[in-house]
Amino acid sequence: MRQGNVKVNMQLLRNLIIESINKKGKITFAEFMRTVLYHPQYGYYNSDKERIGEFGDYYTSPTVHRMFGELIAKQLEEIWRIMGEGAFTVVEMGANRGWLCYDVIQCIKKEYPRFYDNFHYIIVERNLYAREKQRSLLNAINLTEETPMNHLDRKVSWRTYSEGGFSFDKIQGCFLSNEFVDALPVHRLKIKNKILKEVYVGYNAPNFCEIDDEVSEPALKDYLETNKIYLKEGQACEVNLGAAKWLRHVSEKLNKGFIITVDYGDTIDGIYCRNDTECTVRCYYKHNVNRDYYERLGAQDITAHVDFTNLMNTGRSLGLEVTGFTRQSHYLIALGVLERLHNENNDIETILKEKNLNHPEGMGDVFKVLIQHKNIVNPQLTGLRPLHLVTV
Ligand SMILES: C[S@@+](CC[C@H](N)C(=O)[O-])C[C@H]1O[C@@H](n2cnc3c(N)ncnc32)[C@H](O)[C@@H]1O
């Protein structure tokens with residue numbers, strides 16, 4: 001997109017939001033975030049903007065190195081064996097350019113041919129530009145003797161997810177996401193004079209402003225009660241109601257199998273142990289982090305830490321058991337990232353990239369992996385084993 005268009009689109013989006021505020025008096029932060037990220041024409045995630053990677057606003061693990069996808073492929077093959085080696089569907093949420101899918105398929109084809117014959121990959125993507133880019137990336141894989149197009153259509157399909165749920169039938173296999181949940185809109189709450197308040201977005205020309213008022217829906221109070229979150233005076237909290245809704249839809253579609261959710265965030269103890277009162281909502285623009293939520297509308301990302309306790313509690317209420325929860329560094333090391341690195345003739349760049357995936361100050365500690373399962377008895381996964389059992 002050209003710079004001129006970006007500016008025009010930002011202004012159009014701003015006008016739309018102001019119009020909505022003028023009509024309603026104020027909007028929730030969740031509505032504001034939904035509009036700037038997902039407005040059909042001007043939303044950050046509906047544009048053709050280069051969002052991720054060197055020329056975008058931030059990196060994600062699949063864009064750092066193919067090893068991330070290769071280890072996920074290894075995980076999927078183990079799950080396939082645990083589940084009896086039948087037909088297996090992988091469903092990936094929000095695949096962006098398709099790198100994770102590309103690396104997973106390449107690796108499965110090369111290293112696990114029996115699994116390769118049994119699996120199908122569904123990409124859940126609503127951005128039409130992203131779909132095109134995923135398709136052309138995947139078309140580049142030399143999959144079989146068949147014409148690539150035929151083969152791609154047999155191995156990969158594209159579906160959607162909306163308020164009403166997924167556009168496909170029940171599956172047996174694994175739901176997979178990397179940095180999907182943190183991109184869902186959040187409500188912002190805080191305690192002010194011992195009373196629970198919600199932070200709304202208002203407009204006081206020429207600027208947006210924040211307004212504290214009564215919480216907009218009972219589900220927000222329920223969330224605090226169910227997850228036993230007790231806020232201190234002045235402390236802020238974000239509530240991602242879409243995460244629980246999404247998990248409910250996932251559970252409806254999962255006959256038998258696993259859900260692997262990789263994202264940054266923590267359990268409630270980790271999120272609320274901080275002494276600071278600030279919320280975890282952040283913006284990413286050209287590899288800089290900021291809290292200027294009301295700037296660069298539709299041109300910068302807005303995210304919040306994922307509350308994994310909520311995903312675990314919601315899952316349990318839906319019959320999804322927790323297989324395990326760990327740091328990304330633990331998960332990748334237990335799955336064999338160090339052996340893989342050792343076995344390859346690596347250059348310094350690869351080593352540095354691998355370090356970024358694992359290192360506590362890179363993505364290793366901030367990112368977590370939650371694995372849940374349904375209709376499987378006590379599965380043991382390599383990536384969740386204690387690290388003292390790992391030999392390098
Ligand atoms: C941070 S990006 C994920 C990046 C990608 N998984 C990676 O690892 O590089 C979040 C993604 O979630 C997608 N998303 C959000 N809501 C969605 C929905 N309802 N259906 C499909 N994708 C959605 C966005 O379009 C975006 O591609």
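Basis for what follows: all heavy atoms, side chains included, without hydrogens, waters or symmetry-related copies. This chain uses plain numbering: 1 for the first residue, then up along the sequence.
- A salt bridge links Arg114 with Glu85: the closest approach of a Lys/Arg side-chain nitrogen to an acidic carboxylate oxygen falls below 4.0 angstrom.
- Ion pairing between a basic and an acidic side chain is recognised when a charged N comes within 4.0 Å of a carboxylate O; Glu31 and Lys24 show such pairing.
- In this structure, Tyr129 shares a hydrophobic cluster with no other residue, the cluster being traced through Ile, Leu, Val, Met, Phe, Trp and Tyr side chains under 4.5 angstrom apart.
- By the 4.0 Å N-to-carboxylate-O rule, Arg340 lies close enough to Glu70 to be salt-bridged with it.
- If you take CZ on Phe32 and CG on Leu297, they are separated by 5.0 Å, rounding to the nearest 0.5 Å.
- Classification of Lys190 and Asp212 as a salt-bridged pair holds, one side-chain N sitting under 4.0 Å from a carboxylate O.
- For Phe175, the ring pair (Phe, Tyr, Trp, His ring centres under 6.0 Å) criterion is met by Phe166, not counting sequence neighbours.
- Judged by distance alone, with hydrogens and angles left aside, the side-chain atoms of Asp292 form no donor-acceptor pair with the main-chain N or O of Glu295 at under 3.5 Å.
- Evaluation of the ring pair (Phe, Tyr, Trp, His ring centres under 6.0 Å) rule for Phe115 yields Trp80, Phe88, Phe119 as partners, not counting sequence neighbours.
- Ion pairing between a basic and an acidic side chain is recognised when a charged N comes within 4.0 Å of a carboxylate O; Asp213 and Lys26 show such pairing.
- With sequence neighbours left out, the ring pair (Phe, Tyr, Trp, His ring centres under 6.0 Å) criterion links Tyr45 to Tyr38.
- A salt bridge is defined here as a Lys NZ or Arg NE, NH1 or NH2 lying under 4.0 Å from an Asp or Glu carboxylate O, and Lys74 with Glu78 fails to meet this definition.
- Under the 4.5 Å side-chain contact rule for hydrophobic residues, Leu12 and Phe208 share a cluster.
- No donor-acceptor distance shorter than 3.5 angstrom exists from the side chain of Glu125 to the backbone of Arg159, with no hydrogens or angles considered.
- Cluster membership check: Tyr116 shares its hydrophobic cluster with Leu71, using side-chain heavy-atom separations under 4.5 Å among Ile, Leu, Val, Met, Phe, Trp and Tyr.
- For the atom pair Gln134 CD and Tyr121 OH, the distance stands at 9.5 Å (nearest 0.5 Å).
- For the ring pair (Phe, Tyr, Trp, His ring centres under 6.0 Å) test, no residue two or more places apart in sequence or in another chain qualifies with Tyr112.
- With sequence neighbours left out, the side chain to side chain donor-acceptor pair (under 3.5 Å) criterion links Lys256 to no other residue.
- Remark: side-chain polar atoms of Arg188 are not paired, donor with acceptor, to backbone N or O of Cys279 under 3.5 angstrom.
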